[in-house]
Q: 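Please see the structure below; I have some questions.
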2 protein chains.
Amino acid sequence: MAVDRKQLILEAAKKSFSLFGYKATTMDQVAKLANVGKGTIYTFFKSKEEILDEIVTSLIKDMKTEAEKAVDPNLSFEENIHRVLLRLLEFRKSHQLTIKLFQEEKELGTRAVSDVIQRVEKAVIDYMKGIIQEAVDRGEIKECNPEITAFVMLKTYIALIFDWEKQHPPIEKEEISKLFRLYFFEGLGK
Amino acid sequence: MAVDRKQLILEAAKKSFSLFGYKATTMDQVAKLANVGKGTIYTFFKSKEEILDEIVTSLIKDMKTEAEKAVDPNLSFEENIHRVLLRLLEFRKSHQLTIKLFQEEKELGTRAVSDVIQRVEKAVIDYMKGIIQEAVDRGEIKECNPEITAFVMLKTYIALIFDWEKQHPPIEKEEISKLFRLYFFEGLGK
DNA sequence: AAATGACCAAATGAACAAATTAGTCATTAC
DNA sequence: GTAATGACTAATTTGTTCATTTGGTCATTT
């Protein structure tokens with residue numbers, strides 16, 4: 001079978017988005033990178049935005065795989081959710097595409113990019129929601145609204161990992177784990 | 001004694017910053033609003049930014065007063081810190097100046113405004129830090145890093161009040177109080 | 001039938017002109 | 001004499017023009 005042109009286009013676009021961002025990537029560039037006529041792109045995708053959407057859909061799939069690798073059924077819910085969050089935020093921190101996208105959202109506020117980031121966040125929360133619901137069902141943790149809990153946990157991790165570093169030296173993984181246990185599981189109360 | 005010109009200028013600037021934002025406020029406008037010559041402004045302040053700084057310094061003082069009013073020594077630390085946070089975020093939510101400033105920081109990214117918001121956040125965290133340290137000393141809550149704890153609590157509240165509302169119906173005050181107790185004091189663990 | 005790139009209308013941004021602005025300072029008012 | 005002023009200026013911002021670039025189409029080629 002000949003080369004999969006759609007795949008070529010997706011890879012070219014992903015590379016270009018990662019390197020230059022969404023807005024700065026031109027369709028001519030993608031066509032050239034993919035070794036394909038520009039028109040060909042439009043036989044597979046109806047717009048530039050649709051390419052980004054498809055790339056992010058597969059990104060979300062990758063993140064899910066990554067998250068699942070972090071889960072170990074022998075460990076407690078507490079340990080698992082911590083590992084999932086760390087792994088996902090590590091992913092976000094180390095993958096060119098996500099870095100560029102978050103940067104573009106903050107600096108340019110490109111709408112298509114905002115939309116797509118929203119989608120990633122929702123996917124993460126949905127995934128965590130599932131894990132939390134299971135833990136509640138298993139009786140491992142107290143009754144709680146899984147969506148709000150997932151939301152608060154994610155925001156807390158982002159605050160500890162991304163926001164804290166803006167003004168202070170980074171907190172060690174081990175330390176974050178301790179903080180997380182203290183705040184969310186044991187509680188500050190005596 | 002004649003009218004306090006410096007105060008007139010501060011009030012005019014505050015009004016204009018609240019109405020149009022920092023960047024969109026001109027010194028001519030402030031002078032006109034304050035009924036003084038533009039040159040007079042520069043006998044009290046060395047720049048537009050210094051006016052903003054002074055206004056924010058007094059804003060921080062107001063917030064501190066507001067926060068102190070929320071504290072009731074008969075209540076538990078848990079209840080007090082919750083009341084302080086709610087009161088401060090209520091303040092931020094309902095005061096024209098803070099609304100405009102946060103909006104301008106997000107939309108325009110004006111540097112002087114970013115600096116000043118940073119300062120407000122630091123002041124809030126410092127204040128909370130003190131309350132937390134006291135509670136630790138009193139043995140009311142577990143040993144913890146007061147600064148990180150204050151930081152995480154503030155971020156959590158902002159997430160619950162501002163970020164959650166972007167996508168969901170707002171959470172009731174009473175509900176936020178419950179969530180806060182659950183996550184930070186009792187912990188999810190059984 | 002699939003792929004292509006010349007083509008087009010719309011969007012962008014470089015370049016320049018005009019207007020506005022923060023801050024100064026010689027003059028004025030008291 | 002000194003506190004206040006607003007006309008002035010250098011610098012920045014804004015509006016405008018217009019050539020270039022861009023996303024997307026489609027007649028032609030393979």
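By convention in this document, chain letters (A, B, ...) are assigned in the order of the sequence lines, proteins followed by strands, and residues within each chain are numbered from 1.
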Q: Any donor-acceptor pair under 3.5 Å linking the side chain of B/T65 with the backbone of B/K61?
A: yes
Q: Using whole Å, what does the distance between atom P of nucleotide C/dC8 and atom CG of A/D28 come to?
A: 16 Å
Q: In this structure, how many angstroms lie between the C1' atom of D/dT9 and the CE atom of B/M27, rounded?
A: 16 Å
Q: Show the numbers, then the answer: is there a salt bridge (charged side-chain N to carboxylate O under 4.0 Å, His left out) between B/E104 and B/K23?
A: CA-CA 8 Å; B/E104 189 166 346; B/K23 210 180 168 204; over 6 Å; no
Q: Report the residues that fulfil salt bridge (charged side-chain N to carboxylate O under 4.0 Å, His left out) with A/E90, sequence neighbours left out, ordered by chain and then residue number.
A: none
Q: Below the 4.0 Å mark, does C/dA3 have OP1 or OP2 next to a side-chain nitrogen or oxygen of A/R5?
A: yes
Q: Within the distance-only criterion (no hydrogens, no angle test), does the side chain of B/R138 pair as donor or acceptor with the backbone N or O of B/Q133 below 3.5 angstrom?
A: no
Q: Are there any protein N/O atoms within less than 3.5 Å of an N/O atom in nucleotides 26-30 of chain C, and if so, which ones and at what distance?
A:
none

Q: From NZ of A/K46 over to P of D/dT25, roughly how many Å is that when rounded to an integer?
A: 10 Å
Q: Does the ring of A/F20 carry A/K100 above it, NZ/CZ under 6.0 angstrom from centre and within 45° of its axis?
A: no
Q: Can you measure B/Y22 atom OH to C/dT21 atom P for me and round it to whole angstrom units?
A: 14 Å
Q: Among C/dG23, D/dG23, C/dT21, which nucleotide has an atom closest to any side-chain atom of B/T26?
A: C/dT21
Q: May I ask you to list the residues of residues 12-20 of chain B, by number, that have any heavy atom positioned under 4.0 Å from an atom of DNA chain C?
A: none
Q: Is there a residue in residues 29-42 of chain A whose heavy atoms reach under 4.0 Å of DNA chain C, and which residues are they?
A: A/V36, A/G37, A/K38, A/G39, A/T40
Q: What I'd like to find out is whether the side chain of B/F91 reaches to under 4.5 Å of the side chain of B/L59, using heavy atoms alone.
A: yes
Q: CD1 of B/I9 versus P of C/dA22: gap in Å, rounded?
A: 14 Å
Q: Within this structure, what is the NZ-to-P distance between B/K23 and C/dA22, rounded to whole angstrom?
A: 11 Å
Q: Calculate the interatomic distance between B/E49 atom CD and C/dT21 atom P; express it in whole Å.
A: 18 Å
Q: Quick test of your reading: applying side-chain hydrogen bond (donor to acceptor under 3.5 Å, both in side chains), list the pairs with at least one residue in residues 26-47 of chain A, sequence neighbours left out, ordered by first then second residue.
A: A/S16-A/Q29
Q: Closer than 4.0 angstrom, basic N to acidic O: yes or no for A/R119 and A/D115?
A: no
Q: Check residues 151-159 of chain A and write down every donor-acceptor pair under 3.5 Å in which the side-chain atom is one partner and the other belongs to a residue at least two apart or another chain.
A:
{"residue": "A/K155", "atom": "NZ", "partner": "A/E121", "partner atom": "OE2", "Å": "3.4"}
{"residue": "A/T156", "atom": "OG1", "partner": "A/V152", "partner atom": "O", "Å": "2.7"}
{"residue": "A/Y157", "atom": "OH", "partner": "A/H82", "partner atom": "ND1", "Å": "2.3"}

Q: Taking the side chain as C-beta and beyond, is there a heavy-atom pair between A/E11 and A/Q7 under 4.5 Å?
A: yes
Q: Measure the acute angle between the ring planes of A/F180 and A/F184, then classify it against the limits of 30° and 60° as parallel, tilted or perpendicular.
A: tilted
Q: Using whole Å, what does the distance between atom P of nucleotide C/dG23 and atom CD1 of B/I51 come to?
A: 8 Å
